[in-house]
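Okay, so here's the structure we're looking at.
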Amino acid sequence: MKKILTVLVVLLSSIALFAGGSSEGDADAGSGGYKDTITIGQGADVTSFDPHIGKETPAVAVTNHIFDTLVDTDPVTGEVVPQIAEKWEVVSPVEYRFFIRKGLKFHNGEDLTADDVKFSLDRAIASGSVSYIVDFIKEVKIEDDYTVLVTTKAPYGPTLRNLAVPFAGIVPKDYVTANPDGLKTKPIGSGPYKFVSWAQNDNVKLEAYADYYKGEPETKYLVFKIIPEASQRTIALETGELDISYDILVSDLKRIEQNKDLVLLEAPSLTCFYISFNMRKAPFDNQKVRQAINMAIDRQLLVDTVNSGTGAAADEIIAPAVFGYYSTGVWDYNPEKAKQLLAEAGYPNGFECSLWVNNNQSRVEMCQAIQEMLREIGITVKVEVMEFGTFISRSTAGEHDMGYFGWVTSTKDADYTYYSLEHSSQQGAPGNRSFIADPEVDRLVELGRTSADMDVRLDAYKNLALELKEIANNAPIIYTAITAGTNKAVEGFVLDPIGYHKLEGVKVAK
């Protein structure tokens, strides 16, 4: 397998963006010989600008510039660092006191206080989309205008890391109370950039927030261009339409690497791509069918061919770098055994079904290769490609047979993934799109998330991994790399392994 560049190399590299098709980046360029606009290409549009709804990476790639969280994680060290809270103290195993920075203001001029923090966390807990990230919280108590006490239901190791996830963002109480759906299309936060405009399925424009507590961002405007076809993003990068392009097509990696005007950035990610079987539908309610499909997929061949040697065959839905990972071994490729299992399940001649995927070129190609592998054991698969938002909403409703998903363990802790993808309470929007509801799985997930003993947690996750391998409600396929291509004039960009790259310190030389 191709060697993946280390994060250290990535951190020594740079990235940037320029105005999407407009001329203002050249006409009104800032002082110091730098563009006033960075243009970024990404593969899908924002699903919602509301941080308590739009949790998908294409949404967060934009909204993490609009909203801040109580604490943050450093993309270089991975450590939890202050953000809206200038400091905190652990009062007891279930109590955390946060001291909010004084003088913070939202983009509409409203002061940010403890009232907004409590309102935001309570709102996130009540959200059907992101509650899993904060529902370990029992109560948020306001102690004074700039101090809150967060009490958890039980000792919870990842508390600070969960509060750093972008969809635990702090929103303005008064604005949201007056306009309950306002954040979906006209977001107001306290982050380094203000929302300017959204041309749906085309671009999003943000403007630097001059009163940001860390200081005004380096570049005045960010323009996120929506270009679903990865090959077209590469072309746009080559022609200068983009300063930076996210998620490079694997077949384009060498092409960018060999271009003297471009820089290729690549690092191990925390992402697993997997097939989720809808266990509410036959024949995917049959364990032997699910196991047969797992056995029929040659994951290493997919890595070597479709993914051009990048990434690694996956055995779990959490990546090896995540706390709580336990390797059960990649499924053996055994089509003859798969056929035997299908016959035992009552499908000696196979069956017909569909595999849903969003309109991302790399993901579609992966599904087409899997389609051919399943054909070998008698399963006729129709690959259905759809726009990202439609894919998410329809699979949330459980309309799919099989769906091809990507999941980032954003906190680097197994609870983030296992609770949302495997616990029976998280079916649908939170992430459990296999609709698994298994008492023993629930017990192990809950043990892993509530114990303060790291050894107990690791043992719970080991047993959980073994249990899920047997149930086979999902088929882990590949651990991918985070990639980006950039114009060599970009300065100050850090490739974040989580995938939520921050751009307030980035600038692009003319």
Side-chain angles (χ1 to χ4, degrees), residues 1-4 250-251 268-269 271-279 283-320 325-357 362-383 400-407 421 434 436 462 464-481:
M1 184 178 72
K2 272 169 117 182
K3 278 190 174 179
I4 298 175
V250 290
S251 58
S269 77
T271 299
C272 177
F273 282 92
Y274 63 99
I275 292 173
S276 197
F277 305 113
N278 187 346
M279 294 171 64
F284 305 104
D285 56 347
N286 190 307
Q287 181 183 29
K288 290 185 177 181
V289 169
R290 301 192 300 269
Q291 291 176 339
I293 292 175
N294 268 287
M295 289 182 181
I297 298 172
D298 188 340
R299 291 159 174 80
Q300 191 57 52
L301 181 61
L302 293 174
V303 171
D304 294 339
T305 57
V306 181
N307 235 49
S308 300
T310 65
D315 59 343
E316 308 298 332
I317 56 172
I318 58 174
Y325 169 81
Y326 177 80
S327 176
T328 58
V330 176
W331 279 88
D332 289 332
Y333 174 58
N334 192 335
E336 292 308 313
K337 176 64 174 176
K339 290 178 183 178
Q340 179 185 330
L341 285 174
L342 283 181
E344 292 174 5
Y347 299 94
N349 300 315
F351 54 86
E352 296 182 1
C353 64
S354 63
L355 172 58
W356 288 8
V357 61
S362 298
R363 301 181 192 186
V364 172
E365 290 176 1
M366 187 68 71
C367 287
Q368 289 170 338
I370 292 170
Q371 176 187 42
E372 292 305 311
M373 291 177 180
L374 296 185
R375 191 190 307 277
E376 293 299 312
I377 64 167
I379 300 176
T380 301
V381 177
K382 179 182 180 182
V383 175
H400 60 296
D401 293 338
M402 301 186 292
Y404 188 70
F405 298 94
W407 187 269
L421 297 191
S434 70
I436 184 173
K462 172 184 176 180
L464 179 59
L466 293 168
E467 187 78 12
L468 291 171
K469 182 71 171 284
E470 187 69 18
I471 294 171
N473 59 307
N474 294 310
I477 302 297
I478 186 172
Y479 301 127
T480 58

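Quick note: numbers below take in every heavy atom, side chains included, and nothing from hydrogens, waters or symmetry partners. Source: prediction; values computed, not measured.
Looking at every heavy atom in both residues, Ala314 comes nearest to Cys272 through CB-SG, 4.0 Å. Residues Trp331 and Ala472 approach most closely at CZ2-CB, 4.2 Å, considering heavy atoms. When every heavy atom of Gln371 is checked against every heavy atom of Lys382, the shortest pair comes out as NE2-CA, 4.3 Å. Contact record, Ile377 with Ala296: CD1-CB, 3.5 Å, taken as the closest heavy-atom pair. Of all heavy-atom pairs spanning Ala369 and Val306, the tightest one is CB-CG2, 3.7 Å. Shown here for Ser354 and Val381, the closest heavy-atom pair between the two residues is C-CG1, 4.3 Å.
Using a 4.5 Å heavy-atom cutoff, the side chains of Leu301 and Tyr333 are not in contact. Side chains of Ile477 and Tyr404 form a contact here, defined as non-hydrogen atoms less than 4.5 Å apart. Counting heavy atoms from C-beta outward, Leu466 and Tyr326 have side chains that approach closer than 4.5 Å.
Between the side chains of Asp315 and Thr328, no donor-acceptor pair of N or O atoms lies under 3.5 Å.
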* Asked: What do the steps show when you test Leu468 against Asn473 for side chain to side chain contact (heavy atoms under 4.5 Å, CB included), and what is the final call?
  -> CA-CA 7 Å; Leu468 291 171; Asn473 59 307; 3.7 Å; yes
* Evaluate side chain to side chain contact (heavy atoms under 4.5 Å, CB included) for Asn294 paired with Arg299, printing each intermediate quantity in order. => CA-CA 9 Å; Asn294 268 287; Arg299 291 159 174 80; 2.7 Å; yes
* Apply side chain to side chain contact (heavy atoms under 4.5 Å, CB included) to the pair Leu341 and Met295, showing each step before the final yes or no. => CA-CA 10 Å; Leu341 285 174; Met295 289 182 181; 3.7 Å; yes
* To do: Take Leu374 and Leu355 through the test side chain to side chain contact (heavy atoms under 4.5 Å, CB included) and record every step on the way to the result.
  => CA-CA 11 Å; Leu374 296 185; Leu355 172 58; over 6 Å; no
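Ile317 CD1 to Ser434 OG: the interatomic distance, rounded to the nearest 0.5 Å, is 8.5 Å. Between the OG atom in Ser276 and the CE atom in Met402 there is a gap of 10.5 Å [rounded to 0.5 Å]. Rounded to the nearest 0.5 angstrom, Thr271 OG1 and Tyr479 OH are separated by 11.5 Å. Thr310 contributes atom OG1, which lies 6.0 Å from atom CD1 of Ile478 (distance to the nearest 0.5 angstrom). Note: Ile275 CD1 to Arg290 CZ = 13.5 Å, rounded to the nearest 0.5 Å. Interatomic distance, SG of Cys353 versus CG of Asn278, reported as 11.5 Å (0.5 Å rounding).
The backbone N or O of Ser327 sits nowhere less than 3.5 Å from a side-chain atom of Glu316 that would complete a donor-acceptor pair.
Ring orientation note: the planes of Phe277 and Phe284 are close to parallel, at an angle under 30° on the 30°/60° scale.
Applying the 6.0 Å contact sphere to NZ of Lys469 captures more than 12 heavy atoms from other residues, nucleotides or ligands.
With sequence neighbours left out, the salt bridge (Lys or Arg N to Asp or Glu O under 4.0 Å) criterion links Glu372 to Arg375.
Residues in residues 336-347 take part in these salt bridge (charged side-chain N to carboxylate O under 4.0 Å, His left out) pairs, two or more places apart or across chains: Lys288-Glu344, Glu336-Lys339.
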